[in-house]
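Counting starts at 1 for both ligands and their atoms, in listed order. In what follows, every heavy atom counts, from backbone to side chain, and hydrogens, waters and symmetry copies are set aside. Throughout, numbering of the chain's residues begins at 1 and tracks the sequence.
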Amino acid sequence: MSGIAGIFSGEKEHVSPIIYYGLYALQHRGEVSSGMAVNNNGYIDYVKDLGLVNDVISKETLMRMRGNIAIGHVRYAAHFEAKNKVNAQPLVIGYKRGALAIVLDGSIVNFMKIREAMEDQGSIFQTDLDTEVIAALIAKYHKDDLNDAIIKALSEVRGSYAMAVMTNDRMIAARDPHGIKPLSIGKLDGDYIVASESCAFDAVGGEFVRDVEPGEIVLIDKEGLKTLYSNPQKRSLCIFELVYLARPDSILDGKSVYMSRFEAGKRLYLEKPETVADIVIGAPDSGIVAAIGYAEASGIPYAEGMIKNRYIGRTFIEPSQELREQGVKIKLNPLKENIKGKRLVLVDDSIVRGTTIKRTVAMLKNAGAKEVHVRIASPPITHSCYLGVDTPSEENLISSRLSVDELAQEIGADSLYFISIEGLVSAAGEDNGFCKGCFTGIYPVEKE
Ligand code: SF4
């Protein structure tokens, strides 16, 4: 998955710091590569590399990159080849009508088919990115106006996407017809900004205006903002955004991420209220809000059970087995004063491979917890995602192999309960459309 941001300014001549801080707020959506591109009177200057926003975009670069339109990107990648720096975005290309830069969060399921057909006709591709296929399709339709070229290019692709394209005089933002990926529009001093999550607007002092609707393509230029095209299909926002991916202070399709997690915690208790415990603790960070909700519904006091080292990102190299056996606790450390001799309810957002929760339960028991009752604020993940969230293959998803009772035993929990799909959906608001594919195996877009 990735995070994207973009701004078009009629007045400002130096918008890159705004994108920098916007990307900084979206860093949780991807820590493998970062980059931004700025339009400077028709010339596109850009910087991108592997690393965090802070590492890739220096103060000097930011000072150099002047211009009134900018887009940026942060990327998460689990696979080795995706960690190649050639796959960092924005993608900047030159084509018959000039230069354009493009950023994309998502996964185009038919991109290999399109790419192979274009390669047969002589096209050359430099990256493994599906983004490049969209750029190549836009270039292919160069005889049309850019707006029409983008509409035509997007009518050929299927999958999940939130994207922004920038040229010398406009920015175009688009969201896939099901709205699987989030994309919001904000305003800052009269200028329009777009971002994967509304927390990016707060970070730069802007305000949320509305979401880009599923299937909508918007044009932002010196005339303002207008809808260029609209092709909505059944709304299917990735429900995992609300469970884990998005920041709790974001609002996605009108839903507060914080409130969804809080409600999920409450429902988690109400679905299985008979548990007797002394305290409720949350697994940092994304289990905390649900744990607070669980505590409120149950009346069992919430307490901090573990302290997380704030300086470790997802790129952290895991300690060796030997170091682990020596009790090295680099990411999380139990707060013995709170948990010793207590019966705990441990709330987490999800279980993927099962390794982290197993380690956490063992760590809490070693620290003196009398019982650990694990409560998960999402249903069992039984299917892999091919729509832009890097989940492991099915055989590596522990819930696709083990029943809940077997899993409880495997992770060493005294009991284990997952919220129901209905519970999660009602916590997220009424079901006006979510993708729940990783819980149900039913996806809004078919695999190719
Ligand atoms: S399959 Fe799961 S992770 Fe993938 S888009 Fe759907 S809900 Fe999100």
Please tell me if the side chains of [X] and [Y] come closer than 4.5 Å, counting only heavy atoms from C-beta onward.
X: F240; Y: F439; value: yes
X: L154; Y: M163; value: yes
X: L268; Y: F418; value: no

* **ligand 1-proximal atoms of F434, by part, heavy-atom distance under 4.0 Å** => neither
* Classify the angle between the aromatic ring planes of Y21 and Y24 as parallel (below 30°), tilted (30 to 60°) or perpendicular (above 60°). => perpendicular
* Asked: Is the Y386 ring parallel, tilted or perpendicular to the Y443 ring (thresholds 30°, 60°)?
  -> tilted
Numbered atoms and elements of ligand 1 in range of [X], under 4.0 angstrom, heavy atoms:
X: C238; answer: 3 (S), 5 (S), 7 (S), 8 (Fe)
X: Y443; answer: 1 (S)
X: V389; answer: 3 (S)
X: C435; answer: 1 (S), 5 (S), 6 (Fe), 7 (S)

* **Sub-6.0 Å ring centroid separation between F8 and Y192** => no
* Is the distance from atom 2 (Fe) of ligand 1 to some N, O or S atom of C385 under 2.8 Å? -> no
* To do: If you have a sec, work out which protein heavy atom is nearest atom 2 (Fe) of ligand 1 and how many Å separate them, to one decimal?
  => C438 SG, 2.4 Å
